[in-house]
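Okay, so here's the structure we're looking at.
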Amino acid sequence: MHTLSIGIDKIGFYIPQYYVELGLIAARDGTNPSKYHRGLGQERFAVAPPDEDIVTMAANAAYPLLDATDLQHIDTVLLATETGIDQSKAAAIYVHRLLALRANCRAVELKQACYSATAGLQLAASYVRANPTRRVLLIASDISRYDLHTPAEATQGAAAVAMVIAANPRIATLDAPSGCYTADVMDFWRPNYRHTPLVDGKYSTEVYLEAVKHAYHAYHAQGGLNYAQFAQYCYHLPFNKMGQKAHEYLCKVNQIDNDIKKLEESMRYNRIIGNSYTASLYLSLCSALDHRDDLANTSVALASYGSGCVAEFFAMTILPSYLSQRQKAHHQALIAQRIALDYASYEQFWHRPELTQTDTLSVGQYNRSRYRFTGVFNHQRQYCINPDS
Ligand code: HMG
């Protein structure tokens with residue numbers, strides 16, 4: 001019997017046009033930059049300017065992917081984020097309007113720390129399996145922002161990854177089984193009254209490893225592929241060293257020498273973009289797809305983690321057409337166009353206007369991409385399309 005394949009038909013990311021070199025933070029604090037470059041495996045982090053938020057990043061990620069067929073068949077928009085802009089209204093609705101998607105569509109926001117895009121992927125795949133002519137636009141969009149002068153500051157970042165989930169996809173099929181793990185822990189959380197998260201940094205790294213370990217064993221208990229059958233591993237990467245440590249564990253339980261080669265190409269983008277929470281794992285997938293030309297018909301392992309916590313270990317098969325579908329040139333152009341911030345500009349951007357204190361706010365222009373956040377009028381967020389985009 002022919003089984004329908006479901007998975008990622010298109011995938012692409014967007015990043016803000018500004019970044020901070022970690023050497024700048026090291027110089028400010030008198031820290032050896034090697035702590036960041038080698039100790040965390042990070043070089044730079046992306047910084048969103050005041051006229052950029054999860055909505056503009058999400059729309060900027062999705063816009064270059066969508067053609068007339070997508071616009072006709074997408075009837076569901078799922079937006080995964082932990083940088084919510086509203087306690088009630090889904091950010092997906094703003095994105096739906098900016099992208100001019102059809103009105104007969106559902107739009108919803110998903111939350112579970114960095115994990116929720118994976119929940120979105122599984123939900124989207126089940127939906128498309130039951131309704132093979134439909135497509136789902138799944139977007140992960142986040143700005144990771146920690147308090148200045150804390151150890152977590154070096155692990156900030158920002159990005160959005162957009163995916164079209166469809167039947168007979170051209171990038172990758174989503175494969176069963178999937179290993180999940182949930183435990184109620186307080187490693188990282190952001191109460192509604194805070195703009196930055198509370199984090200127990202060292203503990204969070206331990207919980208991450210423990211959760212990925214349980215998810216991996218749950219995957220295996222259901223007859224998943226063995227270590228050697230995967231050509232590539234992609235992890236949630238709050239910083240690259242975290243993924244390396246999780247991979248070390250997998251190598252250890254499989255009694256093989258630490259095999260960094262199966263990880264390396266998935267870490268290139270994350271090293272210079274930083275933590276993008278829900279988008280991080282899928283940015284790591286983009287990195288592997290863009291930097292490896294030999295993935296056709298191979299299996300890729302993905303390990304998703306979101307604090308609090310939920311983890312999932314699952315697999316995809318990469319399709320030969322990924323080579324013509326990947327957005328490598330676009331991604332590399334976004335990276336090449338970025339501007340390095342000096343320390344004063346970084347602090348200025350970090351202190352984003354606090355919108356709770358005012359019902360009206362006008363934001364200056366820093367963001368030159370298609371979609372821009374222009375401010376708040378009467379407590380309502382305003383967006384525009386840059387006329388020169
Ligand atoms: P820290 O205290 O600044 O760093 O915090 P450290 O002192 O532990 O050093 C970090 C590493 O650098 C260590 O390596 C040092 O040895 C090494 P390790 O021993 O761990 O292998 N080091 C050096 N290496 C080379 N040359 C040197 C040097 N000096 C030191 N000169 C921490 C680090 C990650 C805790 C902090 O940045 C933090 O709190 N970050 C935020 C939390 C986080 O990212 N947690 C990750 C797991 S939780 C997760 O992934 C979920 C999350 O994405 C959010 C969500 O799901 O919602 C965060």
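Order of appearance sets the numbers: ligands from 1, and atoms from 1 within every ligand. Nothing fancy with the numbering, it's 1 onward along the sequence. Keep in mind that what you see is a predicted model, and the values were worked out from it rather than measured. What's counted below: heavy atoms across the whole structure, side chains too, no hydrogens, waters or symmetry copies.
- Considering Y146, Y235, Y305 only, the shortest heavy-atom separation from atom 58 (C) of ligand 1 involves Y146.
- Taking the six-membered ring for Trp and the full ring otherwise, H291 and Y269 have centroids separated by under 6.0 Å.
- Polar contact check, K35 against ligand 1: a nitrogen or oxygen pair lies under 3.5 Å apart.
- Geometrically, ligand 1 and N275 share a nitrogen or oxygen pair separated by less than 3.5 Å.
- Taking 4.0 Å as the cut-off, K245 counts as a neighbour of ligand 1 on heavy-atom distance.
- Residue Y115 does not touch ligand 1, judged by heavy-atom distances below 4.0 Å.
- Applying the ring pair (Phe, Tyr, Trp, His ring centres under 6.0 Å) criterion to Y216, with sequence neighbours excluded, gives H220, F313.
- Within the structure, the closest approach of G306 to ligand 1 falls below 4.0 Å when heavy atoms are considered.
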(request) Please lay out, stage by stage, how Y277 and F188 fare under the test ring pair (Phe, Tyr, Trp, His ring centres under 6.0 Å). (result) CA-CA 12 Å; Y277 292 160; F188 168 111; 5.6 Å; yes
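- For ligand 1, the polar-atom distance check finds an N/O of K241 within less than 3.5 Å of one of the ligand's N/O atoms.
- Considering backbone and side-chain atoms together, C114 places an N or O closer than 3.5 Å to an N or O of ligand 1.
- Short contacts between ligand 1 and N32, defined as distances under 4.0 Å to a heavy atom of the residue, involve ligand atoms 31 (N).
- In this structure, atom 32 (C) of ligand 1 is not in close contact with the protein, since no protein heavy atom lies within 4.0 Å of it.
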